[in-house]
Amino acid sequence: MTAIWEQVKALFTIQHGSYAERPDTPEGRAYEQSLMLERTRSLPPWPLFKLGAVYGLGPQPAPVRVYQDGALFFLSACLGVAALFRFADIIGQHGGGLTAEEIAKECNCRDANAVARVLRACENWGYFESYAPNGQDLKRVANEQRLWRNTALSAMLRENHPQSARSMIVHLYVDVFPASSVLFESMRDSSGSDLEPDQIGTSAEESYQPSPTAFERVHQGTFWEYLARHPDRWDNFHGAMRGVDSGTTPSILQDIDWGRFLRVVDIGGADGSLTFHLLRSYALKGIIFDMPPVVEHAKQFWNSTPERAAMVTNGRVQFAAGDFLQGTGLPPAQEGDVYIMRNIWHDWRVQECVRIGQSIREAIGRVRNVHLIILEASIDQCARGSPLERMRALVDQTMLTVFGSRERDRLEFEVLLQRCGFQLTEMRPLRAPMVAVFAQPSPAWRSPS
Ligand SMILES: C[S@@+](CC[C@H](N)C(=O)[O-])C[C@H]1O[C@@H](n2cnc3c(N)ncnc32)[C@H](O)[C@@H]1O
């Protein structure tokens, strides 16, 4: 019994990495080596091994876990490939029941064996499900002959799923994934990815020269320049943002009382889908502010359904084109306005965030009863290792890789907002991978211009 208990403890200890580290002295090294050797040699009893490694009901052996984590980019690649080839759409259109070969044929992929293996890899993480034809024993059916259907997760890779993640997965695979492969070089050669908010206005800011991000190294330009050069990537990015919209909007609508505002000014609002949902649910007016080409795209989106077109015709929604870095084109505030920024600040380094925030503060001027709400995946809101915190950490990595920017914690928001002439009043968790940061203009603020 004691031996089994020791094994359980050893498994947990190895998995969570809290083994007794010793200083790097000859004695310390000898101790660690003997400890590690002992653990490496002492295999867990079969039932324990099976429970963790085969059934996933207990701690996994550390080597299994570490390899899985290290090679997890292949899961991203498989999901990207599945999304690009539209496996989920093809399977869904037939109501399931296709072999890998049939799927390969329909998506013009010549390698049916690779399709079967990509599907099998995805199946291990709950995407797609294989079953045997005519009630045969699945174990006796070769991977190529198995039939495939969607699961709740793989169905989200369908284009027409109400919460479709297809464009986001394609964006991560095509635009971001190549950049992640040079993160090492980018970090090695970097002069520091960003300033701290409290370095703004100090000598550190004057001497600060941002290094190119991993994305900029690979794609020879900023993310926005890259999108401008590749209209197909813009279209896909709009789709990705619509996916974020469908995943976060229900909570944004229900967890915040928008009824106390008169007008919403959606800064960097893209096609304005959040504004649309807000106008649908509340007696609000709306302005969508973005760069000129994006605003043109947004107008098409608003004219594409009678309900949205009517909101444009009766003046409930308006468009404003400009540049929030230059402070041009921002709609001046009216009493009862709420300026919102969903997933804006996290795209920018501190200096640019201050410029954007100050542009908004200028637009507000001395108008009273105006609010600012920032909606972002702020970090350090839940326990480390929780699903939400893990997702936010990955979004933060995306920001580092693409923009050299970051997801922020409360303290960073407080300092940044103060630099731009706002006061943080509340940080509210949402039932989504985002928090709402509420701020009010500080009356004492003086425009730097
Ligand atoms: C990550 S998207 C967020 C879109 C939208 N807020 C949402 O949550 O769906 C960032 C938006 O910022 C806009 N943007 C980028 N640079 C800008 C600039 N200099 N001035 C105005 N908008 C800009 C982009 O066009 C894009 O629509």
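Hydrogens, waters and symmetry mates play no part in the numbers below; they use all other heavy atoms, side chains included. Start at 1 and go down the list; that is how both ligands and their atoms are numbered.
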| field | L274 and ligand 1 - part of the residue with a heavy-atom distance under 4.0 Å | value | neither
| remark: atom 20 (N) of ligand 1: closest protein heavy atom, distance to 0.1 Å, is F324 N, 3.0 Å
| message | Are the side chains of I287 and V264 in contact, using a 4.5 Å heavy-atom criterion? | response | no
| query | Aromatic ring centroids of F403 and F215 under 6.0 Å? | reply | no
| Any heavy atom of V244 sitting closer than 4.0 Å to ligand 1? | no
| said: Need the ligand 1 atom indices (1-based, order shown) with element for anything under 4.0 Å from a heavy-atom of V294. | reply: 25 (O)
| Ring centroid separation for Y282 and F261, is it under 6.0 angstrom? | no
| query | Relative to ligand 1, is D323 under 4.0 angstrom through side chain, backbone, both or neither, heavy atoms considered? | reply | both
| request: Could you tell me whether ligand 1 has any atom less than 4.0 Å away from a heavy atom of W234? | output: yes
| remark: the protein heavy atom lying closest to atom 2 (S) of ligand 1 turns out to be M241 SD, 3.8 Å
| task | Within a distance under 4.0 Å of any heavy atom of A270, pick out the atoms of ligand 1 and give their elements. | result | 4 (C), 27 (O)
| query | Of the backbone atoms (N, CA, C, O) and the side-chain heavy atoms from C-beta on, which set of F223 has a member under 4.0 Å from an atom of ligand 1: side chain, backbone, both, or neither? | reply | neither
| Quick check, are the ring centers of F289 and F319 under 6.0 angstrom apart? | no
| query | Going by the order shown, which atoms of ligand 1 are within less than 4.0 Å of some heavy atom of N343? | reply | 1 (C), 3 (C)
| task | Pull out every atom of ligand 1 sitting under 4.0 Å from any heavy atom of W348, numbered as shown with elements. | result | 16 (N)
| said: Checking H297 now: which residues fulfil ring pair (Phe, Tyr, Trp, His ring centres under 6.0 Å) with it, not counting sequence neighbours? | reply: H238
| task | Would you check the N or O atoms of G268, main chain and side chain alike, for any that come under 3.5 Å of an N or O of ligand 1? | result | yes
| field | Shortest non-hydrogen contact between R316 and L279, atoms and distance | value | NH2-O, 2.7 Å
| task | For S180 and F177, indicate whether the former's side chain and the latter's backbone hold a donor-acceptor pair under 3.5 Å. | result | yes
| Is the count of non-hydrogen atoms from other residues, nucleotides or ligands lying under 6.0 Å from Q418 atom CD greater than 12? | no
| Is I344 close to ligand 1, meaning an N/O of one under 3.5 Å from an N/O of the other? | no
| note | Sequence neighbours excluded, the answer for salt bridge (Lys or Arg N to Asp or Glu O under 4.0 Å) partners of D271 is R242
| request: Check whether any N or O atom of D290, backbone or side chain, sits under 3.5 Å from an N or O atom of ligand 1, and answer yes or no. | output: yes
| field | W302 ring center within less than 6.0 Å of F276 ring center | value | yes
| request: Please indicate whether any nitrogen or oxygen in R342 is less than 3.5 Å from any nitrogen or oxygen in ligand 1. | output: yes
| Taking only heavy atoms of D347, which atoms of ligand 1 are found under 4.0 Å from at least one of them? | 1 (C), 10 (C)
